[in-house]
Amino acid sequence: MLSIKNLQAQVEDKQILKGLNLEIKAGEVHAIMGPNGSGKSTLSQVLAGNEAFEVTGGSVRYQDQDLLEMSTEDRAREGLFLAFQYPVEIPGVSNLQFLKTAINNIRQHRGEGEINAAEFMKLAKEKIKQVNLNPSFLKRGVNEGFSGGEKKRNEIMQMLMLEPKLAILDETDSGLDIDALRVVADGVNALRSPERAVIMVTHYQRLLDYIVPDYVHVLSQGRIIKSGGKELALELEEKGYGWLGIDEQAEA
Amino acid sequence: MSESDKAVKELIKREYEHGFVTEIESETFEPGLNEDVIRRLSAKKKEPEWMLEWRLKAYHQWLEMEEPEWAHVNFPKIDYNSIAYYSAPKSKDDAPKSLDEVDPELLKTYEKLGIPLHERARLAGVAVDAVFDSVSITTTFKEKLTEAGVIFCPISEAVHKHPELIKKYIGSVVPQKDNFFAALNSAVFSDGSFVYIPKGVRCPLELSTYFRINEANTGQFERTLIVAEEGSHVSYLEGCTAPMRDENQLHAAVVELVALDDAEIKYSTVQNWYPGDEEGKGGIYNFVTKRGACIGKNSKISWTQVETGSAITWKYPSCVLRGENSVGEFYSVALTNNFQQADTGTKMIHLGKNTRSTIISKGISAGKSNSSYRGLVRIGPGAENARNYTQCDSLLIGDKCGAHTFPYIENKNKSAIVEHEATTSKVSDDQLFLCQQRGIDAEHAVSMIVNGFCKEVFKELPMEFAVEATKLLEVSLEGSVG
Ligand SMILES: Nc1ncnc2c1ncn2[C@@H]1O[C@H](COP(=O)(O)OP(=O)(O)O)[C@@H](O)[C@H]1O
Ligand SMILES: [Mg+2]
């Protein structure tokens, strides 16, 4: 589904990804761990198409297409979803309107007509419940005045609505209490299927108690320096990054 | 290039949707302004002597006045002698009695503008007094209005049929010498609407007028007068579009509203005159004086405007709150793009006790445009317990545009409370990226964000106007993306 080869990227003339390789097949859940500043968010943003990050080398194939050639919105329309580490607010644009516009844009891309209003409302109410947010959040501006935890739940809500093929979660677990963590985990587990893949970027192994990954990768200084099964996360938890020869201070 | 830069690039490539010219034979005065022109204009309209005198008085006052220079706008000096002050479709003398008699070319123009007159009027239950250039062509739903005792007719007609009302109220809110442009309008006003709602009547229809500038070099000087008697209620809609033109066209309208005891007037405007091309060439100069007088106690005047057109806008719909407990409201969306300049705002003059006013202003600037909010809240010594709330928000799209806020507060009464809030925000790259990441392209995203920003004002618009306004903002922000 996703094949990243020797990916290099920079932001403001600073090289951050320095030759990253990663293969992801449909049905798999991959966890990407690594200290702060190692390039996890950069990888997520580059895959999603944020033009603030410049790709300077390598290639990415997504569902037999050249991902790097696709526009940001087309990547999204083709099923790539990013749950942001720091979701921004869009005051005045309600969650409902935002989602409806998104869904209709995606449907148009697929040559489908606009979603039926009643059907959409039903879906939205169902999904907002699933992430344990009050339905009143549907009418509020996108992330407008939401707490940190509410923003993260809202990201998961959007993911459930859009049903992506490849979901990238950038530290969605950070700063969450155990209830919210469960909501995130349940959301991801609900999405898990043989046709879909998930990349979970996380700083802690905590989330992995709830979402059991097929693979765990350790990112350091813009490269994946170690890959393994779910037991690698536990090992990291126990021994810290130092065990892999990573100097956490040096990363950021 | 950042996302918002790109979006702006696309935005400023838009073309004016309503840019076309209708070919209709019309009778137009040669350019120039002097006493003789005013006499001929008045004679054309077969006006009574008192009307001519009134115009001439305004003309002589105008000659003594200077163009205002304090607005935050720049434009080349206007040569008032290069403007023609009268233009009428040929068919004027035998004016059509129904749409069937109307010049088909004209009907086609309405068609192109998306105003299928009869259709729209019938479906939406709106009476339309369509002003084509300077002479009103047709008025629909007259009967229904007549039944309710409502007068809704061209002001030129009212001069003949209701001279006592015109004499009493014209210039009573905006005196002839109020300002340079009002004086000019008073001297040469072409036509416009007159509305009179009798005591206790709730106007059964939303009154709507579509204006359109069509003759090259023809200044348009509309004059509108609305009088709401005790306990009456009326909602008036004004909207306009104009064809593509190279020369700058001057528009200096005057709108006067009078609300007596317990009366309410709601005046909504969607303004979409030709703003000029991508280089800032052409476009309408829109210098308007709009003022409402809440004379009666418990009266209310509410201005709602969506301004997207014109090269230059200079406009401050105002309320004079004289009656006790009277209420003034101003809800405004002003969008500028390319080289457009807008200096708009309101004045709330509190004179009576317990008077209240609300100002919600939303300014959106894109391209290289500049928009300014200029607002005055004046509390007179007798305005016990007056209240004002002002909220003034600016949204910038791209980094070559500007937004400025000039709030003036003059409070002469200690018991009054005046509140002012202002914010400036930018459509950020992060917001656009979030939208795009969810499958929404940048152009859609910008228009969605802008609409969200304007929500508080849009909800004040009558339903069908709100839809139109949303569409208008979309068109105004649209690029030729494809
Ligand atoms: N917009 C930016 N401008 C400058 N430097 C940045 C920007 N974004 C990230 N960086 C830098 O890139 C490196 C990697 O950051 P990031 O990908 O956010 O790491 P992680 O998500 O693993 O904590 C850090 O050194 C960070 O300071
Ligand atoms: Mg990060």
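Fair warning: this is a prediction, and the values are worked out from it, not measured in the lab. These numbers come from the heavy atoms of this one structure, side chains and all, not from hydrogens, waters or symmetry mates. Chain identifiers are assigned alphabetically (A, B, ...) following the order of the sequence lines, protein sequences preceding nucleic acid strands; residue numbering begins at 1 within each chain.
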Interchain contact, A/L80 with chain B, by part (heavy-atom threshold 4.5 Å): both
Distance-minimising heavy-atom pair for A/I90 and B/Q431: CA-NE2, 4.0 Å
A/N116 CG: over 12 foreign heavy atoms closer than 6.0 Å: yes
Residue part contacting chain B, namely of A/L82, when any heavy atom lies under 4.5 Å: both
Side-chain (B/Q437) to main-chain (A/A48) donor-acceptor, under 3.5 angstrom: no
Least distance between heavy atoms, A/E73 atom then B/D441 atom: OE2-CB, 3.5 Å
For B/I440 against A/F98, the heavy-atom pair lying closest together: CD1-O, 3.8 Å
Proximity breakdown for A/Q158 and chain B, heavy-atom pairs closer than 4.5 Å: side chain
Validation row: A/P91, B/K455 side chains within 4.5 angstrom (heavy atoms): no
Short side-chain to backbone donor-acceptor contact, B/R438 and A/R77, under 3.5 Å: no
CD (A/E114) with more than 12 external heavy atoms under 6.0 Å: no
Atom CD of A/Q108 with >12 non-hydrogen neighbours under 6.0 angstrom: no
Heavy-atom proximity to chain A below 4.5 Å, by part of B/C435: both
Distance in Å, A/E89 CD paired with B/S425 OG, rounded so as to fall on 0.5 Å steps: 11.5 Å
ring-ring contact (aromatic ring centres under 6.0 Å, His included), paired with B/F433, selected from A/F53, A/Y86, A/F84: A/F84
Within-4.5 Å side-chain heavy-atom neighbours: A/V142 and B/L434: yes
Exercise: identify the closest heavy-atom pair between B/G439 and A/A76: N-CB, 3.4 Å
Interatomic spacing from CD in A/E51 to CG in B/D429 - rounded to 0.5 Å: 9.0 Å
